[in-house]
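Everything below concerns the one structure shown next.
Keep in mind the model is a prediction, meaning the values are calculated, not measured. Below, all heavy atoms of this structure are taken into account, side chains as well, without hydrogens, waters or symmetry copies. So that the names make sense, note that chain A is the first sequence line, chain B the second, and so on, each numbered from 1.
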2 protein chains.
Amino acid sequence: MTAPRSTRQREVIVRVIEDAPGPLSVPELLARAQQDLPGLGVATVYRTLKLLQEQGVVHPVHLDGESRFERAGRGHHHHFACRTCARVFDLHQCPVALPKGTVYPGGFVVEAHEVTLYGLCPECAARPPA
Amino acid sequence: MTAPRSTRQREVIVRVIEDAPGPLSVPELLARAQQDLPGLGVATVYRTLKLLQEQGVVHPVHLDGESRFERAGRGHHHHFACRTCARVFDLHQCPVALPKGTVYPGGFVVEAHEVTLYGLCPECAARPPA
DNA sequence: ATAAATGCAAAATGTTTGCACCGGG
DNA sequence: CCCGGTGCAAACATTTTGCATTTAT
């Protein structure tokens, strides 16, 4: 048995993910973690993300061709991507009613769904483009 | 004025995209197009896809970290990704009611939305795993 | 004939892996 | 101590770009 060790890098990476208002891209995650751990390398970030995914602590969100990562187990939720500032936020209200097992027209058996909304985040909506 | 030329490669690429039941990945697209045009190179596929996107003929769909491309202008629709055979299909009924301009709780102004359903396609549902 | 389009190979990106050193238990 | 974890650099995979040649017009 090989219990993962607790290291400063892992602590920081997990904390950064937990403190984020939505899923983070690898560059975002790396930049934030390096504020506490300047020497941190990308490889460690990827390896840690992989580990955390296997542990079910974190899971990936693919959005606009970018891989982002967020804390798992925060319940069913979806995402909002701001077209102005490019940040991604969690939404806590689901606009879809598709219970697992629903059969969609055509005979598609639905097991899960993913929704992404695009538009302006509260900040960018209050401060429109020049 | 620089009107794009009509070439055999472009004809084939467009036809392959039109004949598909859903968005295609670049490898899928390349493989199908090469059946008619064995010498076709990847670079041409990417360049053509870029051109077709600028013309608004094709648009990208990002799904599970993979870039796929489909004919644009087929109206509002979403996608279904089969977990068994990994193919992606178009759905022609939208499970979300979020008109452009809707303001989502928290102050998020919605301009567009994207939905992906995951599960079993009709074929795989009829022929369950061993 | 002219310039756009293609194919190839080299160059950017983004992610993974090999390896010597570091450090948690 | 010991072996897992880290950083660095090399290896990969995917997408883009440079350039000589082909080809639509």
Discussion item. Does the plane of the ring in B:H113 sit parallel, tilted or perpendicular to the ring in B:H78? Use 30° and 60° as the thresholds.
Written reply: tilted

Item to complete: Please work out whether the ring planes of B:F80 and A:F108 are parallel, tilted or perpendicular, with thresholds of 30° and 60°.
Response: tilted

[X] has an atom [atom1]; how far is it from atom [atom2] of [N], in whole Å?
X: B:L51; N: D:dT16; atom1: CG; atom2: C1'; value: 15 Å
X: A:R8; N: D:dG4; atom1: CZ; atom2: P; value: 23 Å
X: B:L24; N: D:dT14; atom1: CG; atom2: P; value: 16 Å
X: A:Y46; N: D:dA11; atom1: OH; atom2: C1'; value: 15 Å
X: A:E11; N: D:dG5; atom1: CD; atom2: P; value: 14 Å
X: A:I13; N: D:dG5; atom1: CD1; atom2: C1'; value: 11 Å
X: A:E54; N: D:dG5; atom1: CD; atom2: P; value: 11 Å
X: A:F69; N: C:dG14; atom1: CZ; atom2: P; value: 13 Å

Response to the item:
When B:S6 and B:S67 are each assigned the nearest nucleotide of DNA chain D, the 5'-most assignment goes to B:S67

Worksheet, complete the sentence: When B:T7 and B:K50 are each assigned the nearest nucleotide of DNA chain D, the 5'-most assignment goes to B:K50

Worksheet entry | Criterion side-chain contact (heavy atoms from CB on, under 4.5 Å) on B:R87 and B:C121, from CA distance to verdict | CA-CA 8 Å; B:R87 285 181 299 172; B:C121 72; 4.1 Å; yes

Of all the choices, [options], which nucleotide is nearest to the side chain of [X] once you look at every atom?
X: A:T44; options: D:dT6, C:dT15, D:dT25; value: D:dT6
X: A:P4; options: D:dG5, D:dT17, C:dA5; value: D:dG5
X: A:R5; options: C:dG25, C:dT6, D:dT6; value: C:dG25

Response to the item:
From the list A:H79, A:E28, A:H62, side-chain hydrogen bond (donor to acceptor under 3.5 Å, both in side chains) with A:R68 holds only for A:E28

Does [N] have its OP1 or OP2 closer than 4.0 Å to a side-chain nitrogen or oxygen of [X]?
X: A:R10; N: D:dT6; value: yes
X: A:Q9; N: D:dG7; value: yes
X: A:T48; N: D:dG5; value: no

Worksheet item: Does one side chain, of B:H59 or B:E70, offer a donor that lies under 3.5 Å from an acceptor on the other?
Response: yes

Worksheet item: Between the base of C:dG7 and the side chain of B:R47, is there any donor-acceptor pair under 3.5 Å?
Response: yes

